[in-house]
Amino acid sequence: MGEILLVIDEGTTSTRAMLFAPDGRCLDSIAVPLLQSYPRAGWVEHDPDQIWAESANCAAVMIERAGGPDAIAAIGITNQRETVMFWDRETGRALGPAIVWQDRRSAELCRTLKEQGEEAGVQARTGLLLDPYFSGTKIAWAMANWPQLREAGERLAIGTVESWLVWKLTGGLHVTDATNASRTLLMGLGSGGWSDGLLDLFDCPRGALPEIVDCAGQFGSTTLFGGRIPICGLAGDQQAATIGQACLAPGETKATYGTGAFMLTNAGERQPTSRHRLLSTVLCQLDGKRAYAIEGSVFVAGSVVKWLRDSLGLITDAGETEALARSVADNGGVYFVPALSGLGAPWWEPEARGAISGLSLASGKAHVVRAALEAMAHQSHDLKTAFAADGCDWSRLRIDGGMVANDWIAQDLADVLGVTVERPAFTETTALGAAMLAGVGCGLFSGLEEAAAMRGRVEMFEPTMDGDARAARLNGWAKAVAGVLA
């Protein structure tokens with residue numbers, strides 16, 4: 001067995017595979033874009049067959065470049081969470097499109113269940129809220145609207161993206177790790193198992209669901225690439241990034257700014273409870289022992305830049321945004337509330353719509369672009385306030401994701417949050433966390449503390465904005481959000 005760790009990182013807008021050395025060096029990578037479809041307003045879908053084909057192709061390229069399957073110690077998989085798929089156990093064929101985490105089609109169901117007084121009980125059992133974001137509401141919608149799922153009977157398999165990939169890689173192993181299971185609305189956060197009451201609430205057949213397993217261990221193996229390679233690491237993307245940022249002690253916090261933005265604070269081994277509309281979730285499970293996190297989720301982050309480029313044509317490349325933001329002294333009174341897929345934490349308004357406010361004849365493209373980037377810090381501050389109210393304030397923030405390659409955003413976060421912001425030199429911490437888990441699972445590392453050396457060097461951004469300027473920014477943002485919520 002070699003010592004190279006292969007990671008399949010199946011995200012929302014792309015699928016990639018990466019090779020890691022045990023010291024944390026990324027030896028090689030390949031990425032391909034992932035197509036999204038929007039059949040109706042608020043609906044977002046992927047093609048499960050494309051997810052599998054592109055993931056397998058990327059893995060094959062990396063294995064060949066590594067020198068063949070014998071060079072690979074283990075595979076780690078990390079994935080877009082909450083996206084759910086349905087397939088036939090006998091044929092392995094998808095029974096419909098993947099319903100993506102951004103999808104809002106179950107908003108009416110969520111509203112009905114809230115009116116029936118179900119949310120408090122759901123939150124107590126799962127740590128989550130009733131929102132279309134989570135897999136359980138999507139499953140309920142699909143079971144009610146796609147007759148082919150009922151027709152499949154005992155052949156029906158349901159799973160999130162890592163379940164689909166493991167099934168295809170192994171030829172039929174049906175598992176999910178505890179981090180992904182904790183995002184479904186179907187798992188009891190304290191018990192770590194599927195809840196009969198929740199399965200009934202969301203009309204989900206227990207026999208269709210995967211077995212819940214640890215995040216590191218021996219999860220079968222694949223022989224599709226010319227030799228046997230064990231699968232040893234599994235985690236949802238935000239938990240993987242938290243591990244990749246070495247947030248292994250209670251209170252340590254990371255924020256990933258990718259398609260969406262997700263902040264997780266390590267809450268330790270006691271199951272946390274949020275009283276301020278944040279989420280409680282599994283951070284990691286090893287040897288059956290769970291560590292938890294408090295999480296705040298923002299649905300639109302990097303996707304707003306994609307929207308500025310593809311839908312409005314204000315930019316031709318994401319790299320232009322930093323120069324545009326620096327080209328004006330301030331936002332000129334322009335605020336952008338990017339509720340393009342509703343508002344996430346701490347508001348949880350799935351039907352909210354985005355708004356650009358404060359426009360005048362003096363406003364230009366640069367002001368709109370700057371306001372879009374500023375929204376990252378504004379939304380992060382809303383979450384910091386909620387975390388603090390739950391007793392988990394941030395003393396510093398470890399950031400990653402595609403957006404934070406932009407130095408302007410990193411500094412703006414430090415300024416608006418008023419804390420030190422820490423950015424690793426290698427910002428693909430989601431893949432790094434999956435590599436760390438795979439390394440633990442195959443025995444390269446004794447535990448995550450030893451694997452944390454893979455993180456490498458970091459860069460610091462210190463706050464420089466004065467209090468009056470910060471207060472003015474946040475006051476303008478609060479008014480903009482109030483207008484959207486109204």
> Does anything in residues 452-485 pair up under ring-ring contact (aromatic ring centres under 6.0 Å, His included), and if so which pairs, sequence neighbours excluded?
Replying inline: His378-Trp477
> Going by the ring-ring contact (aromatic ring centres under 6.0 Å, His included) test, which pairs reach into residues 400-420, not counting sequence neighbours?
Replying inline: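 Sorted result for residues 400-420: empty, none.
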> Passes side-chain hydrogen bond (donor to acceptor under 3.5 Å, both in side chains), Thr83 versus Gln80? Steps please.
Replying inline: CA-CA 7 Å; Thr83 296; Gln80 51 169 311; 2.6 Å; yes
Quick test of your reading: applying salt bridge (charged side-chain N to carboxylate O under 4.0 Å, His left out), list the pairs with at least one residue in [range], sequence neighbours left out, ordered by first then second residue.
range: residues 19-43; answer: Asp23-Arg25, Asp28-Arg65
range: residues 255-266; answer: none
range: residues 314-331; answer: Glu322-Arg326
range: residues 456-468; answer: Arg423-Glu459

> Which is it for Thr184 and Glu82 under the side chain to side chain contact (heavy atoms under 4.5 Å, CB included) test, yes or no, and what are the steps along the way?
Replying inline: CA-CA 6 Å; Thr184 60; Glu82 298 92 20; over 6 Å; no
>> If we check side-chain contact (heavy atoms from CB on, under 4.5 Å) with Pro338, which of these qualifies: Val305, Val484, Leu308, Val300?
In response: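 So, applying the side-chain contact (heavy atoms from CB on, under 4.5 Å) to Pro338 and each of Val305, Val484, Leu308, Val300, only Val300 qualifies.
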> So does Asp103 pair up with Lys138, basic N to acidic O under 4.0 Å?
Replying inline: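 Judged by the 4.0 Å cut-off on N to carboxylate O distance, Asp103 and Lys138 do not form a salt bridge.
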> Do NZ/NE/NH1/NH2 and the carboxylate oxygens of Arg125 and Glu119 come within less than 4.0 Å?
Replying inline: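 Not counted as a salt bridge, because no side-chain N and carboxylate O are separated by less than 4.0 Å.
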Donor-acceptor pair, distance only, cut-off 3.5 Å: does the side chain of [X] make one with the backbone of [Y]?
X: Thr12; Y: Thr259; answer: no
X: Ser274; Y: His276; answer: yes
X: Thr179; Y: Leu283; answer: no
X: Arg455; Y: Gly24; answer: no
X: Tyr133; Y: Ser297; answer: no
X: Glu252; Y: Leu248; answer: yes
X: Ser360; Y: Ala362; answer: yes
X: Arg470; Y: Asp415; answer: yes
X: Asp390; Y: Arg275; answer: yes
X: Thr242; Y: Cys247; answer: no

Would you say [Y] and [X] are linked by a side-chain donor-acceptor pair, where the criterion is simply a distance under 3.5 Å?
X: Arg81; Y: Gln239; answer: yes
X: Ser380; Y: Tyr257; answer: yes
X: Thr112; Y: Lys114; answer: no

> Is the Phe86 to Trp167 ring centre distance short of 6.0 Å?
Replying inline: no
Which pairs of donor and acceptor atoms, one on a side chain in residues 426-435, lie under 3.5 Å apart (sequence neighbours left out)?
unit_1: Thr429; atom_1: OG1; unit_2: Asp400; atom_2: OD1; d: 3.4
unit_1: Thr429; atom_1: OG1; unit_2: Asp400; atom_2: OD2; d: 2.9

>> Just to verify, what does Phe202 make a ring-ring contact (aromatic ring centres under 6.0 Å, His included) with, not counting sequence neighbours?
In response: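 Result, ring-ring contact (aromatic ring centres under 6.0 Å, His included) vs Phe202: none returned.
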>> Using the ring-ring contact (aromatic ring centres under 6.0 Å, His included) criterion, which residues pair with Trp347? Sequence neighbours excluded.
In response: none
Exercise: identify the closest heavy-atom pair between [X] and [Y]:
X: Leu383; Y: Gly296; result: CD2-CA, 3.8 Å
X: Ala293; Y: Leu264; result: CB-CD2, 4.1 Å
X: Cys232; Y: Ala438; result: CB-O, 3.7 Å

In the structure I gave you, are the side-chain heavy atoms of [X] and [Y] within less than 4.5 Å of one another anywhere?
X: Leu340; Y: Val304; result: yes
X: Thr321; Y: Asn406; result: yes
X: Leu397; Y: Lys254; result: no
X: His381; Y: Leu474; result: yes
X: Phe134; Y: Leu279; result: yes
X: Thr281; Y: Tyr292; result: no
X: Trp164; Y: Glu162; result: no
X: Leu448; Y: Cys284; result: yes

> Could you walk me through whether Val421 and Gln411 pass the side chain to side chain contact (heavy atoms under 4.5 Å, CB included) check?
Replying inline: CA-CA 8 Å; Val421 166; Gln411 184 60 51; over 6 Å; no
For residues 47-55, which side-chain donor-acceptor pairs fall under 3.5 Å, sequence neighbours excluded?
unit_1: Asp47; atom_1: OD1; unit_2: Asp49; atom_2: N; d: 2.9
unit_1: Gln50; atom_1: OE1; unit_2: Leu35; atom_2: N; d: 3.4
unit_1: Ser55; atom_1: OG; unit_2: Ile51; atom_2: O; d: 2.7

> Heavy-atom count around Glu450 CD within 6.0 Å, excluding the residue itself: above 12?
Replying inline: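 Yes, CD of Glu450 has more than 12 neighbouring heavy atoms, counting only those of other groups under 6.0 Å.
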> Hey, mind stepping through Trp43 and Tyr38 against ring pair (Phe, Tyr, Trp, His ring centres under 6.0 Å) and telling me if it holds?
Replying inline: CA-CA 5 Å; Trp43 290 28; Tyr38 309 93; over 10 Å; no
> Considering residues at least two apart in sequence or located in another chain, which fulfil the side-chain hydrogen bond (donor to acceptor under 3.5 Å, both in side chains) criterion with Arg309?
Replying inline: none
Please list, one pair per line, the donor and acceptor atoms closer than 3.5 Å that link side chains of residues 366-373 to other protein atoms, with sequence neighbours excluded.
unit_1: His367; atom_1: ND1; unit_2: Gly364; atom_2: N; d: 3.1
unit_1: Arg370; atom_1: NE; unit_2: Glu374; atom_2: OE2; d: 3.1
unit_1: Arg370; atom_1: NH1; unit_2: Ala325; atom_2: O; d: 2.9
unit_1: Arg370; atom_1: NH1; unit_2: Val328; atom_2: O; d: 2.9

> Could you go step by step and tell me if Ile399 and Glu422 meet the side chain to side chain contact (heavy atoms under 4.5 Å, CB included) rule?
Replying inline: CA-CA 6 Å; Ile399 62 172; Glu422 193 175 294; over 6 Å; no
>> For Cys58 and Val32: C-alpha separation, side-chain torsions, deciding distance, then whether side chain to side chain contact (heavy atoms under 4.5 Å, CB included) applies.
In response: CA-CA 8 Å; Cys58 287; Val32 295; 3.9 Å; yes
>> I'd like to know whether Asn180 forms a side-chain hydrogen bond (donor to acceptor under 3.5 Å, both in side chains) with Asn79, so could you lay out the CA-CA distance, the side-chain angles of the two residues, the decisive distance to 0.1 Å, and finally the verdict.
In response: CA-CA 9 Å; Asn180 278 291; Asn79 58 287; 2.9 Å; yes
